[in-house]
Amino acid sequence: MSSSSTSALEIEIFQYTDAHQSDFIENLKEWVAVESNSVQPDLRKEVVRMMALAADRLAALGATVNLVNLGSHQLPDGQDLPLPPVILGELGKDPQNPTICFYGHVDVQPAKKEDGWNTDPYTLTEIDGNLYGRGATDNKGPVLAWINAMETFRALKLAMPVNFRFVIEGMEEVGSLGLENLLEEENQCFFSDVDYFVISDNLWLSNKKPALTYGSRGNACFFVEVECGSKDLHSGTFGGIIHEPLMDLITLLDSLVDPTGCIQIPGIYDSVAALREEERKLYKSIEFDLEEHKNNSGVKKFIFGTNEEILLHLWRYPSLSIHGIEGAFHEPGIKTVTPAKVIGKFSIRQVPHMDLLVVKQQVVEHLKAVFSKRNSPNKLKVSKPLGSKPWLADVNDLSYKAARRAIKTVFGEDPDFIRDGSTVPVARMFQTITQKSVMMLPIGAADDGEHSQNEKISRHNYIKGTKLFAAFFLEISKLHRHLHETSHTETNN
Ligand SMILES: Cn1cncc1C[C@H](NC(=O)CCN)C(=O)O
Ligand SMILES: [Zn+2]
Ligand SMILES: [Zn+2]
């Protein structure tokens, strides 16, 4: 096997990358400046503009770019809103080369300076080696790092070692609306010659140590609605004589998880895959700094005190989170109202081998049972507006081997093999629909603050991420060609 020392070609590529850092950062600055917030309907036009910018950049590399129209979707108020197009791009059709499909998204979470940002979220600002801006790490930085890596090959007039395919979307932050249908439709067409999928839309486990991700949890989102009538009521006139919906709802929400984090829904843990001893050992060997993780979170104490328990509960077990209550008075000050209708929002992270339909049934039955004990005349409704399954990769896939080597070359150390507690629904979709290999190759650090105030990617990670992707192209190309030649010889014998 080849040594892990850096080749002359890699040195040339890395030197180019270093020399063009400011160009690459300028590209990111231009993308971050677009407020492509997919959550807020009035900013949808910015998402569409962002898709066009991304398409232009791919086209400038010589890629064939198709902006696929996904139609429209309905907002909660019944209004129809067009979905942004999805980019399907391709560059290269050399049958000797592996075909890598890269997925990324260029929509972002909402951000306002007043939320507590130290800098304007849409002006990429470098402070102490960190590039601050909404989307810097989630996911504009990694998408551009991949493009920068391709650009480097082009600028140096090097042959592309792989064939590229792209799926770039603009609705990831709201659940990748319409994407699954498109993947199914294109499975026999656009995706037919893809060998490996690569997603770079998650973070390392540590602030410093690179990682390769082989699993992510799914998520089942629930709405639980309690309604007493058509209008809000004065609590002085009706308080004390009615069954208040918010009281019902708070009881319902309170019944979901006990203070030790254990989900109280009967049967919910029944189908969770049993923990194997090798797996437990694997978790022990991961360099995970509990204190660092706590600092990143800003909280004082976690429910669990050991690395193993923390990782198990983030990756391996389901968890239930309560996100909010629609219709509850939440503004500052006093308002002596009794809301007529309130909707509790919570979600349950899914792990193998949980089944979304079974989970929904268990949730509904549990909530009904708790509600019935209150003898409330109010109307209870439970729905599951969104559900995605967990994803687990085979770490023996060639792409993992290639990525591991590339990480060793660029970062000088082996990556931690990690799972992710959050959900990248498209990973499981690619896997289920195409039956091809899917890998998550993060370049952002654990303290990047995805979805949070002061989101950043460090200059170091952005530039090394660019090098990593370039090195990955070379490694996967070598391994894939080698495998191809070997199997070819065997067939001939
Ligand atoms: C919108 N949604 C509802 N259920 C799950 C999600 C996706 C969301 N995904 C991420 O944050 C990606 C992290 N790299 C999450 O895990 O909450
Ligand atoms: Zn993302
Ligand atoms: Zn996100």
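Remember, it's 1-based here, ligands and their atoms both numbered in the order they're listed. The figures here come from the full heavy-atom set of this structure, side chains too, leaving out hydrogens, waters and symmetry mates.
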Q: Does Lys436 qualify as a cation-pi partner of Phe430, given the criterion of NZ or CZ under 6.0 Å from the six-membered ring centre and within 45 degrees of its axis?
A: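 The answer is no, since Lys436 fails at least one limit relative to Phe430.
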Q: Any idea which part of Leu386 is under 4.0 Å from ligand 1, heavy-atom wise: side chain, backbone, both or neither?
A: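 Side chain only.
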Q: Do Asp420 and Asn202 have a side chain donor and acceptor closer than 3.5 Å?
A: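 On atom types as modelled, these side chains qualify, holding a pair under 3.5 Å.
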Q: Heavy-atom distances under 4.0 Å are what count here, so tell me which part of Thr423 touches ligand 1: side chain, backbone, both or neither.
A: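 Within the 4.0 Å criterion, Thr423 contacts ligand 1 through backbone and side-chain atoms alike.
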Q: Taking just the N, O or S atoms of His105, which one is nearest to the Zn ion (ligand 2)?
A: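 Relative to the Zn ion (ligand 2), the closest nitrogen, oxygen or sulfur of His105 carries the name NE2.
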Q: May I ask you to check whether Glu450 has an N/O atom sitting below 3.5 Å from an N/O atom of ligand 1?
A: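 Yes: some nitrogen or oxygen of Glu450 is under 3.5 Å from one in ligand 1.
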Q: What protein heavy atom sits nearest atom 1 (C) of ligand 1, and how far off is it?
A: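 It is Glu173 O, 4.0 Å.
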Q: To the nearest 0.5 Å, tell me how far Phe102 CZ sits from Asp201 CG.
A: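 Answer for the CZ-CG pair, Phe102 versus Asp201, is 8.5 Å.
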Q: Hey, what do you get for CD1 (Ile322) to CZ (Phe222), rounding to the nearest 0.5 Å?
A: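 Atom-to-atom, Ile322:CD1 and Phe222:CZ are 13.0 Å apart.
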Q: Checking contacts here: is it the side chain or the backbone of Met171 that comes within 4.0 Å of ligand 1, counting heavy atoms only? Could be both or neither.
A: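 For Met171, there is no contact with ligand 1 at all, from either part.
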Q: Side chains of Thr251 and Asp248: any donor to acceptor distance under 3.5 Å?
A: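 There is no such pair (donor and acceptor under 3.5 Å, judged by atom type) between the side chains of Asp248 and Thr251.
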Q: Output the list of atoms in ligand 1 that are nearer than 4.0 Å to some heavy atom of Asn219, sorted by atom number.
A: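 Counting from 1, the qualifying ligand atoms are 3 (C), 4 (N), 5 (C).
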Q: Using distance alone, determine whether Asn202 and ligand 1 share an N or O pair under 3.5 Å.
A: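 Asn202 vs ligand 1: no N/O contact under 3.5 Å.
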Q: Below 2.8 Å, any N, O or S contact between Glu450 and the Zn ion (ligand 2)?
A: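 No, since none of the N, O or S atoms of Glu450 sits under 2.8 Å from the Zn ion (ligand 2).
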Q: Can you tell me if Asp201 has an N, O or S atom under 2.8 Å away from the Zn ion (ligand 3)?
A: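 False for Asp201.
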Q: Report yes or no: do Glu30 and Asn27 form a side-chain donor-acceptor pair below 3.5 Å?
A: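 Glu30 vs Asn27: no donor-acceptor pair found between side chains.
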Q: Hey, are Gln21 and Tyr462 close enough side-chain-wise for a donor-acceptor pair under 3.5 Å?
A: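 Result is no, nothing qualifies.
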Q: Which residue and atom name correspond to the protein heavy atom nearest atom 17 (O) of ligand 1, and how close is it?
A: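 Answer for atom 17 (O) of ligand 1: Arg349 NH2, 2.9 Å.
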Q: For the Zn ion (ligand 3), which N, O or S atom of Glu173 is at the shortest distance?
A: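 Sorting the N, O and S atoms of Glu173 by distance to the Zn ion (ligand 3) puts OE2 first.
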Q: Nearest 0.5 Å, please: how far is CH2 in Trp146 from CZ in Phe472?
A: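 Here the interatomic distance stands at 5.5 Å.
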Q: Quick check on contacts: which atoms of ligand 1 are under 4.0 angstrom from a heavy atom of Ser422?
A: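 Answer for ligand 1: 13 (C), 16 (O).
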Q: Between Phe223 and Pro385, is there a side-chain heavy-atom distance shorter than 4.5 Å?
A: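 They are in contact (side-chain heavy atoms under 4.5 Å apart), so the answer is yes.
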Q: Should you measure from each heavy atom of Asp201, which atoms of ligand 1 turn up under 4.0 Å away?
A: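 Listed by number with element: 13 (C), 14 (N).
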Q: May I ask you to check whether Phe288 and Tyr283 place their ring centres under 6.0 Å from each other?
A: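 No - the distance between ring centres of Tyr283 and Phe288 does not fall below the 6.0 Å cut-off.
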Q: Nearest 10° is fine: what angle sits at the Zn ion (ligand 3) between OD2 from Asp138 and NE2 from His451?
A: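 About 90°, to the nearest ten degrees.
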Q: In ligand 1, which numbered atoms sit nearer than 4.0 Å to a non-hydrogen atom of His451?
A: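 Numbered from 1, ligand 1 contributes 11 (O).
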